[in-house]
There are 2 protein chains.
Amino acid sequence: MVSIKKIATDIGVSAATVSNALTGKGRVSEEMTARIRSRAQELGYRPNNLARALKTGQTGILGLVMPDLTNPLFPRIAQMLSIAAERRGLGILIGDSRGSADEQNEVLKRLVDRGVDGLLVVPQKGTSPEMNAVPLAIINTASDPRNTVSADHAGGGALIARHISDIGHRNVVILGGDPVSEVQQDRISGMQSAMRQEIRSSVLWGDAGVAEVAERVRAGATAVLTTSDLLALRVHSELTRAQFSVPRRVSLTGFDNMSLASVMHPTLTTVAQDVEAIADRAIEILTAMIRGQAHPDTGRTLPMRLVVRNSTSNPEI
Amino acid sequence: MVSIKKIATDIGVSAATVSNALTGKGRVSEEMTARIRSRAQELGYRPNNLARALKTGQTGILGLVMPDLTNPLFPRIAQMLSIAAERRGLGILIGDSRGSADEQNEVLKRLVDRGVDGLLVVPQKGTSPEMNAVPLAIINTASDPRNTVSADHAGGGALIARHISDIGHRNVVILGGDPVSEVQQDRISGMQSAMRQEIRSSVLWGDAGVAEVAERVRAGATAVLTTSDLLALRVHSELTRAQFSVPRRVSLTGFDNMSLASVMHPTLTTVAQDVEAIADRAIEILTAMIRGQAHPDTGRTLPMRLVVRNSTSNPEI
DNA sequence: CTGTTAGCGCTTTCAG
DNA sequence: CTGAAAGCGCTAACAG
């Protein structure tokens with residue numbers, strides 16, 4: 001391992017000077033700087049981040065905590081965050097808070113112990129992560145008072161409901177996965193608030209809800225709006241089993257625009273988050289917090305985008 | 001930040017003694033150890049991993065590099081690795097080698113610069129990661145000579161082919177996503193080697209292959225074996241469009257047992273990797289390498305498991 | 001059993 | 001413009 005000292009003795013200057021030259025803190029003559037730089041190059045010098053971190057108190061590492069790494073959105077979020085972080089020279093340490101809120105706080109502590117400069121957390125449904133050792137950015141939904149950045153889930157719900165209304169549906173069923181999830185609640189209330197008076201709607205939840213969908217359709221509903229693409233796929237199975245064709249007999253929508261949405265049959269009308277923008281802003285805000293600055297966009301949401309495919313059409317009549 | 005020194009002066013012993021007591025290196029009287037421990041507790045002492053790492057040269061952090069964080073298997077692998085790592089008190093720093101082999105090597109370097117003790121890498125298709133600064137474990141497939149641990153992809157292919165053969169199919173088409181992938185090649189050669197002489201089979205690749213499937217079925221094929229569940233879902237769309245019912249008219253299989261496999265309609269016959277075991281063994285082997293030991297299971301594969309669902313059945317006569 | 005000393009590799013005053 | 005010295009928090013020799 002070639003250290004700053006090696007370069008220093010090699011050239012015959014002090015370690016401090018090498019450090020200054022390399023980090024460009026000025027205070028060193030151009031010529032000396034050049035000599036130091038080129039020697040460093042030759043030796044293949046790479047700064048030891050640990051030593052630097054110990055001295056400066058900053059590791060350049062961010063912790064990312066997700067409620068369940070199995071969440072189908074995780075890969076995209078993780079990828080976009082890792083790209084956004086890398087662009088700023090930061091690394092990402094992962095943590096899985098699977099299960100309890102307690103576990104979540106444990107994970108936060110562990111990451112802090114490992115020296116992260118800040119934390120990005122997608123909270124466990126219905127919990128509020130606790131940690132004041134380092135800045136914390138929360139990616140959740142607008143109705144979470146501590147939310148730092150998120151997609152406009154309610155707005156997304158409104159988009160899809162308006163689409164369904166526009167093409168003529170007047171009797172719809174809304175299906176959520178878990179009422180504890182603030183995100184899903186927001187999606188649903190967005191749907192409800194966008195539906196005109198004349199639309200009849202009711203909300204179903206979870207497995208029981210999935211099982212009940214076919215019956216509701218039989219009773220007259222012409223569209224099923226779900227809070228996730230995976231849920232939509234399950235509903236599609238149920239409807240197929242019950243001989244209801246999508247979209248001829250029932251329209252069906254998802255949420256999140258996962259890859260399966262464009263690959264299932266029929267392809268799924270859904271609503272997409274701009275994950276890249278969310279990731280970028282999350283990192284942006286968090287780094288500002290780390291520098292001790294407030295960021296004007298804190299708490300603001302990012303618009304969602306309606307993606308119309310083949311699972312929705314006019315109701316028959 | 002409460003340091004070891006604080007505890008030392010508090011109690012009136014030296015920093016070294018506190019260190020020894022806390023890390024349980026013996027050499028300290030029971031009584032003193034207890035006093036130190038309880039004081040540490042009171043003060044909420046947490047060791048500074050950076051300082052420790054700088055001193056010992058070990059960070060307790062592993063780097064995980066995947067070719068594309070968007071890979072549908074990534075979440076499960078990442079989760080299982082993170083659990084397996086955590087169990088051993090290790091952290092995981094992520095890296096995305098998206099795109100090129102060059103980028104892959106860049107990422108490896110960056111992680112090493114950040115002080116990882118070892119690297120877990122799922123290589124970019126057809127590349128061999130380069131890094132000798134720290135131990136490296138490769139998760140790929142048996143035919144990769146540097147492979148450290150992986151599922152037995154060829155064995156998985158054999159399982160699925162045998163199933164198809166057992167239920168009476170004699171004319172099948174095999175569909176792969178990308179011939180550059182060693183994993184997919186192994187899956188396919190496993191399928192081929194398990195099919196009895198009397199079975200006619202041909203191999204198709206990529207988008208062109210997907211587009212050609214229906215035609216092959218029209219020409220007499222009664223089963224389509226794909227190398228991934230997502231590919232199977234796409235094929236299902238094509239078949240449905242062409243009015244071929246699954247499994248009545250054609251049987252269809254996937255690979256990997258992703259969550260969509262149990263949720264699509266019909267549910268998908270596929271083959272599952274024991275991701276948890278792979279993750280655990282990968283970490284096990286890597287930590288052995290870090291300790292400078294050889295591990296007997298290096299290079300061995302783990303069996304896959306056939307999951308029969310509703311997308312396969314006897315061919316109609 | 002306990003303390004002293006030294007140093008991991010780097011940055012940062014403060015002098016020269 | 002450059003150098004000397006100190007120290008981040010911890011551990012590993014070596015003495016006592």
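Every heavy atom of this structure was used, including side-chain atoms; hydrogens, water molecules and symmetry mates were not. Order of the sequence lines sets the chain letters (A, B, ...), proteins ahead of strands, with each chain counted from 1.
Comparing C/dT11, D/dC10, D/dA12 against the side chain of B/Ile4 picks out D/dC10 as the nearest. The side chain of B/Ser3 lies closest to D/dG9, out of D/dG3, D/dG9, D/dG7. Comparing D/dT11, D/dG9, C/dC10 against the side chain of A/Ala51 picks out C/dC10 as the nearest.
Proximity of A/Arg52 to the phosphate of C/dT11: a side-chain N or O atom is located under 4.0 Å from OP1 or OP2. Close to C/dC1, at under 4.0 Å from its OP1 or OP2, lies no side-chain N or O of B/Ser29. The phosphate of D/dT11 (OP1 or OP2) has no side-chain N or O of B/Thr23 nearer than 4.0 angstrom. The phosphate of D/dG3 (OP1 or OP2) has a side-chain N or O of A/Thr17 nearer than 4.0 angstrom.
Residues A/Ser143 and A/Gln185 have side chains that never bring a donor and an acceptor to within less than 3.5 angstrom of each other. Side-chain atoms of A/Asp96 and B/Gln79 include a donor-acceptor pair closer than 3.5 Å.
Following rounding to the nearest Å, A/Lys5 (NZ) and C/dA6 (C1') show an atom-to-atom distance of 11 Å. Computed from coordinates, the B/Gln58 CD to C/dC8 P distance equals 17 Å when rounded to whole Å. Separating the CG atom of B/Leu54 from the C1' atom of C/dG7 is a distance of 9 Å, rounded to the nearest angstrom. Atom CG in A/Leu50 sits about 15 Å away from atom C1' in C/dG7, given to the nearest Å. For the pair B/Asn20 CG and D/dC10 C1', the computed distance is 11 Å after rounding to whole Å. Following rounding to the nearest Å, B/Asn49 (CG) and D/dT11 (P) show an atom-to-atom distance of 9 Å. The CG atom of A/Leu22 sits 16 Å away from the P atom of C/dG9 (whole-angstrom rounding). At whole-Å resolution of the value, CD1 in A/Ile7 and C1' in C/dG9 are 12 Å apart.
A/Arg88 has a carboxylate O that lies under 4.0 Å from a charged side-chain N of A/Asp280, or vice versa, which qualifies the two as a salt bridge.
The residue A/Met32 sits close only to the backbone: its heavy atoms come under 4.0 Å of sugar-phosphate atoms, none of a base. Residue contacts shown for A/Ser19 include a base, since a base heavy atom lies under 4.0 Å away.
Side-chain atoms of B/Thr56 come within 3.5 Å of backbone atoms of B/Arg52 as a donor-acceptor pair (strictly under, hydrogens ignored).
The 5' end of DNA chain C is approached more closely, in terms of each residue's nearest nucleotide, by B/Glu30 than by the other of B/Glu30 and B/Lys55.
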Steps toward side chain to side chain donor-acceptor pair (under 3.5 Å) verdict (A/Arg146, A/Ser128):
CA-CA 8 Å; A/Arg146 300 183 54 193; A/Ser128 182; 2.6 Å; yes
